[in-house]
Amino acid sequence: WSQARRWFGNAAAILAGILLLCLPLVQNSTDEEMAETLLVLFCFWSAVYFGRYLQSERWQDSCWFGVYFSLAVLTKGSGWLLAFIPPIALLLTGKIRLLRRPSFWVSILVIAVSCLPWQLLTLSSAERGWTGGSQPSVQYTFSALAQFLLILVEITGWILSIAIVLGIVVKVFRPIFGSRVEAPSAVMFALLVGDWAFHSLVPAGVEDRKMI
């Protein structure tokens with residue numbers, strides 16, 4: 001609600017909050033105290049702050065992106081899906097030049113210091129929990145891409161899914177051919193694509209909770 005109000009106004013923000021809470025999978029994950037709920041929170045705020053960085057170009061916003069990125073990864077390894085946000089969002093907004101700014105690399109430093117040591121120590125344990133194979137494969141990825149797409153439609157339902165597609169067309173695809181995509185739309189689209197792509201590449205198994 002807080003962020004949607006900034007982007008679309010109060011009425012749309014209230015509706016967005018209600019729709020999120022009404023999704024059965026969100027309710028189940030909250031009821032079962034699954035880690036996905038906390039992961040979603042950190043992933044969302046990480047995307048928000050990268051969007052703010054694209055607009056302000058301040059090192060502080062880049063730093064907060066790195067902090068929430070790290071919190072997401074330390075909550076669950078799936079947090080690495082956030083690595084898809086910078087390349088996709090930079091391309092959509094036409095701000096590749098930020099790669100030359102020291103402020104951009106502040107977040108990378110925060111993530112490297114906070115996450116890499118723990119990730120390297122626990123990688124073998126995480127791999128033992130993969131149910132889709134011992135290593136990434138083309139076969140698994142193509143199968144998972146289709147399955148996760150169907151799961152996303154099942155989670156939101158056909159009406160909301162159509163609304164999502166229309167929103168992406170209006171806020172992301174159409175601006176590409178006219179002007180640059182706005183930062184908030186770019187980062188949220190990148191978050192959605194990153195979630196879908198990451199779980200399709202890492203053979204940890206196809207489960208609906210991964211698409212929350």
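Numbering of residues begins at 1 and proceeds along the displayed sequence.
Scanning both residues, Phe189 and Ile88, for their nearest heavy atoms gives CD2-CG2, 4.5 Å. Closest heavy-atom contact between Ser62 and Val106: OG-CB, 4.2 Å. Here the closest heavy-atom approach between residue Thr93 and residue Val181 is recorded as CG2-O, 3.3 Å. Considering all non-hydrogen atoms of both residues, Ala47 and Val187 come closest at O-CG2, 3.5 Å. Residues Leu25 and Ile212 come closest through the heavy atom pair CD2-CG1, 3.6 Å. Of all non-hydrogen atoms in Ser161 and Val153, the two that sit nearest each other are OG-CA, 3.5 Å.
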Q) Can you check side chain to side chain contact (heavy atoms under 4.5 Å, CB included) on Leu191 and Leu82, steps first, answer last? A) CA-CA 7 Å; Leu191 178 58; Leu82 293 168; 3.9 Å; yes
Practice prompt. Apply the test side chain to side chain contact (heavy atoms under 4.5 Å, CB included) to residues Val26 and Thr37: give CA-CA distance (whole Å), side-chain angles for both, the deciding distance (0.1 Å), then the verdict.
Written response: CA-CA 8 Å; Val26 173; Thr37 305; over 6 Å; no
Determine whether Val73 and Gln119 satisfy the following criterion, side chain to side chain contact (heavy atoms under 4.5 Å, CB included), listing intermediate values before the conclusion.
CA-CA 9 Å; Val73 170; Gln119 192 66 43; 3.7 Å; yes
Fill in: Ile164/Leu152 under side chain to side chain contact (heavy atoms under 4.5 Å, CB included): CA gap, chis, key distance, verdict
CA-CA 11 Å; Ile164 290 169; Leu152 185 58; 5.9 Å; no
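Using a 3.5 Å distance cut-off with no hydrogens or angles, the side chains of Ser143 and Gln147 do pair a donor with an acceptor.
Looking only at distances, no side-chain donor or acceptor of Thr75 sits under 3.5 Å from a matching main-chain atom of Leu39. Counting only distance, with no hydrogens or angles, the side chain of Trp1 and the backbone of Ala16 share no donor-acceptor pair below 3.5 Å. For the pair Tyr140 (side chain) and Gly205 (backbone), a donor-acceptor distance under 3.5 Å is present. Distance alone, capped at 3.5 Å, is enough to place a donor-acceptor pair between the Lys210 side chain and the Ala204 backbone. A distance-only check finds a donor-acceptor pair linking the side chain of Ser56 to the backbone of Arg52 [under 3.5 Å]. A donor-acceptor contact shorter than 3.5 Å links the side chain of Trp105 to the backbone of Leu99.
Atom SG of Cys43 sits about 4.5 Å away from atom CG of Leu81, to the nearest 0.5 Å. A distance of 9.5 Å separates OG1 in Thr30 from CD in Glu32, rounded to the nearest 0.5 Å. Put simply, OG on Ser2 and CZ on Phe44 are 8.0 Å apart, with the number rounded to the nearest 0.5 Å.
For Arg58, the salt bridge (Lys or Arg N to Asp or Glu O under 4.0 Å) partners at least two apart in sequence or on another chain are Asp61. Residues satisfying the ring-ring contact (aromatic ring centres under 6.0 Å, His included) test with Phe104, not counting sequence neighbours, are none.
By the 30° and 60° cut-offs, the orientation of the rings of Phe65 relative to Phe50 is tilted.
Sequence neighbours left out, the pairs with a member in residues 72-96 that pass ring pair (Phe, Tyr, Trp, His ring centres under 6.0 Å) are Phe69-Trp80.
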